[in-house]
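To start, the structure under review is shown below, and the notes come after it.
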Amino acid sequence: QVQLVESGGGLVQAGGSLRLSCAASARTFSTYAMGWFRQAPGKEREIVASVSWSAYTTYYPDSVKGRFTISRDNAKNTLYLQMNSLKPEDTAVYYCAASKSRATNIQAIDYWGKGTLVTVSS
């Protein structure tokens, strides 16, 4: 099993910033497409960002575009999510995810982290 461990979650004021990190155990980290997902109470898990194995391509839904930035350091087997201008509706458990394919839709995910809670106060 590839282990993914998130860190960096916590309580932040609206308008503030937070950086999440995901440490991966596999040496093949660089071959995976990676993504960040979130799930709020009573809602479905949704993608918030993804990045290709090469880090040359990224994806963001409209809800976070311009505020969130995904990046990866393949040499350190680490994925990051920089979150700026946070809003109360960003409150959720955030999950790191890895895909062996190029796709990062939920069905394509092979490995999940256990999540880290982000709470944005108003």
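Residue numbers start at 1 and run along the sequence shown.
- Residues V118 and V64 fall within the same hydrophobic cluster, defined by Ile, Leu, Val, Met, Phe, Trp and Tyr side chains chained together at heavy-atom separations under 4.5 Å.
- Of the charged side-chain nitrogens involved, none lies within less than 4.0 Å of a carboxylate oxygen, so that E6 and K114 do not count as a salt-bridged pair.
- For S54, the side chain to side chain contact (heavy atoms under 4.5 Å, CB included) partners are S52, Y56, not counting sequence neighbours.
- Considering only residues two or more places apart in sequence or on other chains, F37 meets the ring pair (Phe, Tyr, Trp, His ring centres under 6.0 Å) condition with W112.
- The backbone N or O of T91 sits nowhere less than 3.5 Å from a side-chain atom of T119 that would complete a donor-acceptor pair.
- Remark: R72 is positioned above the aromatic ring of F29, its terminal NZ or CZ atom under 6.0 angstrom from the ring centre and at most 45 degrees off the axis.
- Between L4 and M34 the shortest heavy-atom distance is CD2-CE, 4.3 Å.
- Nearest approach of A108 to S101, heavy atoms of both residues: CB-OG, 4.1 Å.
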Query - Worked verdict on E46 versus R38 for side chain to side chain contact (heavy atoms under 4.5 Å, CB included) - result: CA-CA 6 Å; E46 63 176 347; R38 69 185 181 188; 3.0 Å; yes
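- A distance of 8.5 Å separates NZ of K87 from OG of S63, quoted to the nearest 0.5 Å.
- Both W36 and Y32 sit in one connected hydrophobic cluster of ILVMFWY residues. Membership requires side-chain heavy atoms under 4.5 Å apart, directly or through other members.
- Scanning all heavy atoms of the two residues, the minimum distance from K43 to Q39 falls at O-NE2, 3.2 Å.
- In terms of hydrophobic clustering, with Ile, Leu, Val, Met, Phe, Trp and Tyr side chains grouped at heavy-atom distances under 4.5 Å, W53 and Y60 are assigned to different clusters.
- Put simply, the side chain of Y80 never gets that close to the backbone of D73: no donor and acceptor are under 3.5 Å apart.
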What donor-acceptor contacts under 3.5 angstrom involve side-chain atoms of residues 11-25, with partners at least two apart or in another chain?
{"from": "S17", "atom 1": "OG", "to": "N84", "atom 2": "OD1", "distance (Å)": "2.8"}
{"from": "R19", "atom 1": "NE", "to": "Q82", "atom 2": "OE1", "distance (Å)": "3.0"}
{"from": "S25", "atom 1": "OG", "to": "Q3", "atom 2": "N", "distance (Å)": "2.9"}

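- Hydrophobic clustering keeps I106 apart from L79 (ILVMFWY residues linked when any side-chain heavy atoms are closer than 4.5 Å, directly or through intermediates).
- Residues Y111 and I47 fall into different hydrophobic clusters, defined by Ile, Leu, Val, Met, Phe, Trp and Tyr side chains chained together at heavy-atom separations under 4.5 Å.
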